[in-house]
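Worksheet for the structure shown next.
The model shown is predicted, which means the values in this text are computed figures rather than measured ones. The chain is numbered in sequence order, starting from 1. Keep in mind that the numbers below use all heavy atoms, side chains included, and drop hydrogens, waters and symmetry copies. Start at 1 and go down the list; that is how both ligands and their atoms are numbered.
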Amino acid sequence: MQKVVTKMSELREKIEELKRQKNAVVLVHNYQRPEIYDVADFLGDSLGLSKQAADTEADIIVFCGVNFMAETAKILSPERKVLLPRPASEVNCPMADMVSAGGVREMREKYPDAAVVAYVNTTAKVKAEADICCTSSNAIQVVRSLEEDEVIFVPDRNLGNYVQRYVNKKIIPWEGYCYVHNRIDESGVRKAQENYPESELLVHPECRGEVIDLADRVESTAGMVERVRTSEPGTFLIGTEQGLVNRLEQLAPESDFYTAGTPRVCSAMKQSRLTDVLTALEEEKYEVDLPEDIRERAAVALERMIEVG
Ligand code: 13P
Ligand code: SF4
C-alpha cells in the first residue's frame, strides 16, 4: 500500500516538473478520475475549460476530458500543441457522434429561417456548420441572444427541450442524447428523495424532462460545484455522472452526497490515468490536429458563444 502512495506522489512530482520545463498546463474536466484532479491547473465544466483554453499562454495543453473538449481547445488556441493522454478513439463522447455535418445541412434546408446552435458536445465539423455553440451552463443565454425565432438545436434533445422551457422561440431539437444522463431514471430519483427528504436535488440539463421536473436546481457540473461551495453543509442528491460525486466529496467533506438514481459512469471520461498524463508530457502525444478550414469555421461559432458569456 505504502509503495502505491509513493508511486502516485512520484508521478505527480514528475508531471509538475515536466509542466515547468515544457511550459505546459493540464486542463481537467470535473468527471475525470480523482487522481487526475491533483495535477490540474484548471478543473471545471465545458465552458470554463473553453475559456481557459482560449486564454492560456502555455505552449502545451494536456486535455484530460473527452475528444470534443480537446478539439475545442485546439480550435480556440491553434498555435498551442493540444495533447490527449489517451488516443482520441478511446475518449470519444458518443453523443457527439449522433449528429453529422450533413445532418445539420439537411436541417438548414428544411428550416431555412432557423439559426443553428451546436452544443459543444459535437465534432469540429458540426461546429463548423453552426451559427453559434453553447454549453450546459450558457445554453439558455445563447439561445436568447439570437435574432431568429426558430432554433435548430443539436445534438442533445434533453438540453434542447430544457432550453425550450425558458425561451420564447421555437426549438427544433435533434434526436441525440447522452447515454449516461438519459438513463438516470425518474423512479430511482424519487426513491432517493423519499430516503433523504431534507436533501437538495441537483441535476444536469442532459437528464430527461421528467427528472428535471423533480430537481431543486438544474446546473452544469461547475454550477453544481458552485452551489455546494456556497451552501451550508447539508445533504445533496446528485443527478449526473458519478465522477461529480467524487469531486463534491473532496470539496465539501462535511456534506453528504448521494447519487440520484442508479450510479452512471461515462466510460470515455475514465480512460485517462496519471501515468497517461506523464507519458503525454514526455512523448508529446496524442496530438489533436484539425484541418484549418474546419478549425476556422468552428472557431467563429465558439468565439460567438464566448462573447455571449
Ligand atoms: P458540463 O459542461 O456541465 O461540465 O458537461 C459536460 C458533459 O459532457 C456533460 O455530460
Ligand atoms: Fe458525452 Fe455523456 Fe460522457 Fe458527457 S457524460 S462526455 S455527454 S457521454
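The only member of N30, N138, T240, D45 that meets side chain to side chain donor-acceptor pair (under 3.5 Å) when paired with S220 is D45. Of the residues R183, K270, R33, the one that meets the salt bridge (charged side-chain N to carboxylate O under 4.0 Å, His left out) test with E241 is K270.
Taken together through direct or relayed side-chain contacts under 4.5 Å among Ile, Leu, Val, Met, Phe, Trp and Tyr, Y31 and V26 form parts of separate hydrophobic clusters.
Distances shorter than 4.0 angstrom occur between a heavy atom of P94 and an atom of ligand 2. Heavy atoms of H29 come nearer than 4.0 angstrom to ligand 1 in at least one pair. Distances from ligand 1 to the non-hydrogen atoms of E241 include no value under 4.0 Å. Contact between H181 and ligand 1 is present, with at least one heavy atom of the residue lying under 4.0 Å from the ligand.
Looking only at protein heavy atoms, the nearest one to atom 2 (Fe) of ligand 2 is C178 SG, 2.3 Å. Of all protein heavy atoms, the one lying nearest to atom 5 (O) of ligand 1 is H204 NE2, 3.3 Å. For atom 7 (S) of ligand 2, the closest non-hydrogen atom on the protein side is N121 ND2, 3.2 Å. When hydrogens are left out, the protein atom nearest atom 8 (O) of ligand 1 is N121 ND2, 3.4 Å; that is the closest non-hydrogen contact.
For the residue pair M224 and G239, the shortest heavy atom distance occurs at CE-O, 4.2 Å. What you find for M269 and M69 is that their closest heavy atoms are CE-CE, 3.6 Å.
Atoms of ligand 2 found under 4.0 Å from any heavy atom of C93, numbered from 1 in the order shown, are 1 (Fe), 6 (S), 7 (S), 8 (S). Contact atoms of ligand 1 toward S46: 1 (P), 2 (O), 4 (O), 5 (O), 6 (C) (distance under 4.0 Å to a heavy atom of the residue). The atoms of ligand 1 that sit less than 4.0 Å from any heavy atom of S136 are 1 (P), 2 (O), 3 (O). With ligand atoms numbered from 1 in the order given, ligand 1 contributes 3 (O) to contacts under 4.0 Å with heavy atoms of S220. Taking a cut-off of under 4.0 Å to the non-hydrogen atoms of M95, the atoms of ligand 2 that pass are 7 (S). Less than 4.0 angstrom separates some heavy atom of E206 from each of these atoms of ligand 1: 7 (C), 9 (C), 10 (O).
Taking 4.5 Å as the limit, some side-chain heavy atom of F153 sits within range of a side-chain heavy atom of L159. Contact check for S255 versus L248: no side-chain heavy atoms found under the 4.5 Å cut-off.
Under 4.0 Å from ligand 1, not a single heavy atom of N30 appears. Contact annotation: for T221 versus ligand 1, heavy atoms closer than 4.0 Å belong to both the backbone and the side chain.
Between R20 and E17, at least one side-chain N (NZ, or NE/NH1/NH2) sits under 4.0 Å from a carboxylate O, which counts as a salt bridge.
Crowding of K14 atom NZ: a count of heavy atoms from other residues, nucleotides or ligands under 6.0 Å not exceeding 12. Heavy-atom neighbours of F257 CZ from other residues, nucleotides or ligands within 6.0 Å: above the threshold of 12.
Using a cut-off of 2.8 Å, one finds that C266 contributes no N/O/S atom close to atom 2 (Fe) of ligand 2.
Of the possible donor and acceptor atoms, one in the side chain of S77 sits under 3.5 Å from a partner among the backbone N and O of A53.
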